[in-house]
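Please read the structure below before turning to the comments.
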Amino acid sequence: MKAADEKLLKDTICNICRLELKKEEIEQKLKNEQTDLIESLGFDSFLMVELVVELEAAFDMEFDVNDMDMEELKIYGGLKAAVEKRLDGDV
Amino acid sequence: MKIKNILSHQMNNHKIAITYQNRNITYKELHNNAVKNADILSRKTSNRNIGIFINNSIEYAIAYFTIAYMDKVIIPIEDHAKKDSVRSILKYCEISLVLTNTGNDQKLFEMLADYPYRVDIYNVETGQTFVANPECAYIEVGGEDETDVAIMLHTSGTTSNPKRVMLTNRNLLANIESNVASLDLREDDRCLIILPMFFGYCNTSQFLSHLYVGASLVIYDSSFYPRKFLELIDREKCTNTTCVPSMLFMVINACRRETYDLSSLRYLCFGGGSMPIDKLEKILCFFDKTGVIQTYGQTEASPRVTCLLPEDAKRKIGSVGKPIPGVTVKIADKQLRELPPGETGEILVKGDNVMKGYYKQPEITAKTIENGWLHTGDLGRFDEEGYLYIAGRLKNVIISGGLNIYPEEIEEVLLGHDKVKEALVTAEPHPILSEVPIARVILKEGAKADGRELIEYCLKRLPGNKVPGRIVFCEEFEKTYTGKIKRKGRKN
């Protein structure tokens, strides 16, 4: 994933995360692509949805609702791969 | 009549009862599965209370009626609950048998390593039984024999001191009949279930009410997503559904109405949290061809108490409507005197829908139900036409994303941290979730900690939605004369 795109992805995660953690602390967690956004950043199912909606707006793209697996998307690496897939047009 | 009769009366009905992930089950098949499992399990030892640890699915319904057919008590356990919470429920409710499905069986088995009692885990899909801790004895039953209780639903309290609401067959059937009457539920209804089935709101108002009239249920098969929600209504031609406000906020923010055919949607109910009027107006505009119904209730009332019908939605915007048939509501002062329209006081509820009580908590039950009147802990007022308006909350609960969060549960976790002396959790507004918890903390003398440390501590011990968003360090809390931290009731 291009550096600019990953920065936008991380910034969006930071904006939605409701826990009062420093941006550097969140980014430190996201260095591990197995980071679970629910377990490690306090997301719940609604905030995950909000995140996906915000990512669609930020990247001007749409996820295929029938292909969305929140179990995969809640893991940072899975989310990153899903965004990358759509940016590359591999739907 | 008992809730098991809802299904047994339809044992020869070939109509599809439930659709889930492209699978269907008829009433007859659902009945036969439940009978088969009940027959197998009745030959095993089990205590009166039986757990269900299953996500929303056909299997949840099979497990539910299996227990009902055994004339035992259903104890739904949230399938995303953490290990400590699950073990606490099993212990408190004296559960020796849990019904699960594939995936959840292994998860539960692992959670029960070192649990000091034997637990049988039965997979309703495969018929397989795992036994956790076979070398131990089953937990003994300590509570009273509540033979008329059908289900116990979780409400407030801490892990160490939970409150389980006992609902009898009569409570549930009373609320089902009230729902059916007030909303004109019909056999040709097709209800979309997106709320957790272990939720009191879904249990009675959707799941049981629709099976009662012989309607069909469509169970949403993944995490809520606004576009998928509308797509499913369109594709499955759902006639009604029930949501919490957060879901509807997301729908109006993220979806284009004209993309979907929602003409089948006869009505849309919502409840479980406050609904700002400006957002409600947008929702009414978005679902302009659908009857939007705001409801009010609580688990202790089985749960529905009032509803605002579509014809009044705009005229009485801001109200939660009138009591449903069979339910009486009054507004009372602290001396329990009824107050006239326009005056604010506590909302009290009476009817066959009012719970039997809290399991093993007779003293708290006695304070909560007085002369048949349920103290809701909510503040409200009636207008001159008898429409109820919620004015605030006396009770200590945070409603986040439609789910109740009890501050004591979070405080208990924080007090387990070796640097924390006192903790007080309160609500803060959130644009999507309505409210989120934050914590005020007093550290022990000489201790040093930062917010991140305590947030990380909570992340390991609490589900995401219960982790305080921020930690505020304080020097002292206002206390009552008995030394308890003063909590203030909240006004809207």
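The figures here come from the full heavy-atom set of this structure, side chains too, leaving out hydrogens, waters and symmetry mates. Throughout, a chain's letter reflects where its sequence line sits, starting with A, and its residues are numbered from 1.
Neither the backbone nor the side chain of P463(B) has a heavy atom closer than 4.5 Å to any heavy atom of chain A. Of the atoms belonging to K466(B), it is backbone heavy atoms, and not side-chain ones, that fall under 4.5 Å from chain A. Within the 4.5 angstrom heavy-atom criterion, atoms from both the backbone and the side chain of E50(A) approach chain B. Residue P437(B) touches chain A through both its backbone and its side chain, counting heavy-atom pairs closer than 4.5 Å. Looking at V467(B), both its backbone and its side chain come within 4.5 Å of chain A, counting heavy atoms on both sides. In this structure, the portion of F43(A) lying under 4.5 Å from any heavy atom of chain B is its backbone and not its side chain. With a 4.5 angstrom heavy-atom cutoff, K74(A) does not touch chain B via any of its atoms. Of the two parts of L37(A), neither the backbone nor the side chain holds a non-hydrogen atom closer than 4.5 Å to a non-hydrogen atom of chain B.
Between chain B and the residues M70(A), M48(A), E56(A), the largest count of heavy-atom pairs under 4.5 Å involves E56(A). Top candidate by heavy-atom pairs under 4.5 Å with chain A, chosen from G402(B), G469(B), G451(B), is G469(B).
Rounded to the nearest 0.5 angstrom, L47(A) CG and S400(B) OG are separated by 8.0 Å. Note: M247(B) CE to S45(A) OG = 7.0 Å, rounded to the nearest 0.5 Å. Interatomic distance, CG of L459(B) versus CG of L21(A), reported as 7.5 Å (0.5 Å rounding). Rounded to the nearest 0.5 Å, atoms CD1 (I455(B)) and CD (E20(A)) are 6.5 Å apart. Taking CD of E71(A) as the start and OG of S223(B) as the end, the distance is 6.5 Å to the nearest 0.5 Å.
Taking the side chain as every heavy atom from C-beta outward, K22(A) and R452(B) never approach each other to under 4.5 Å. In this structure the side chain of E39(A) reaches within 4.5 angstrom of the side chain of K82(B), judged on heavy atoms. In this structure the side chain of Y225(B) reaches within 4.5 angstrom of the side chain of V53(A), judged on heavy atoms. Within the 4.5 Å cutoff, no side-chain heavy atoms of D64(A) are placed close to those of K228(B).
Crowding of R440(B) atom CZ: a count of heavy atoms from other residues, nucleotides or ligands under 6.0 Å not exceeding 12. Enclosure of atom CG in D450(B) by more than 12 non-hydrogen atoms of other residues, nucleotides or ligands within 6.0 angstrom is indicated. In the displayed structure, E475(B) atom CD is contacted under 6.0 Å by at most 12 heavy atoms of other residues, nucleotides or ligands.
The two atoms that bring G401(B) and F46(A) nearest to each other are O-CE1, 2.9 Å, heavy atoms only. The two atoms that bring R18(A) and G464(B) nearest to each other are NH2-O, 2.9 Å, heavy atoms only.
Side chain of R227(B) to main chain of F63(A): a donor-acceptor pair is present (N/O by atom type, distance under 3.5 Å, no hydrogens or angles).
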Discussion item. Pair D44(A), L433(B) - check side-chain contact (heavy atoms from CB on, under 4.5 Å), show working.
Written reply: CA-CA 10 Å; D44(A) 64 7; L433(B) 301 174; 3.8 Å; yes
